Amino acid sequence: MLRVVERVLGEGRVTRAGDVLGTVAYELSLYQDWSATPGGLVAGGFEVEGHFLAPAARLDDWSGVSAPLVLDLADGRRVDLYVVNLDGVVTSADTRGFYAVD
């Protein structure tokens, strides 16, 4: 089962493969997967879902699965995402969720 861990919104920089693509407003929810076992709940990976608020032309340029987008969150963390459609729906590219930059 998925449980909401955190919700964030703001504006951040978007890159792909190290190339800066621009900035975007975002609204994201971070979920953690939990599995029921005889001993209780066991924490699993994270999933991110949400929206980018940007013109459809920009979202079209950013869509596809060749390489994930990296969004720099306003608080300094990052998240790897894919644009799902031209409505700005985004989903996580891996199970790390929001991660700190080294």
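This is a predicted model, so every value here is computed, not measured.
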Linked hydrophobic residues, Leu21 as query - side chain contacts closer than 4.5 Å: Val5, Val8, Val14, Val24, Tyr26, Leu28, Leu30, Phe46, Val48, Phe52, Leu59, Trp62, Leu69, Leu71, Leu73, Val79, Leu81, Val83, Leu86, Val90, Phe98
List the residues meeting side chain to side chain donor-acceptor pair (under 3.5 Å) with [X], not counting sequence neighbours, and say none if there are none.
| X | result |
| --- | --- |
| Asp87 | none |
| Arg3 | none |
| Ser29 | Arg7 |

Quick check for you: to the nearest 0.5 Å, what is the distance between Met1 atom CE and Tyr31 atom OH? 14.5 Å
Could you walk me through whether Glu27 and Leu53 pass the side chain to side chain contact (heavy atoms under 4.5 Å, CB included) test, one step at a time? CA-CA 8 Å; Glu27 182 177 346; Leu53 304 171; 5.6 Å; no
Can you list everything that forms a salt bridge (Lys or Arg N to Asp or Glu O under 4.0 Å) with Arg78? Sequence neighbours excluded, please. Asp72
Side chain to side chain donor-acceptor pair (under 3.5 Å) contacts in which one or both residues fall within residues 32-61, not counting sequence neighbours: none
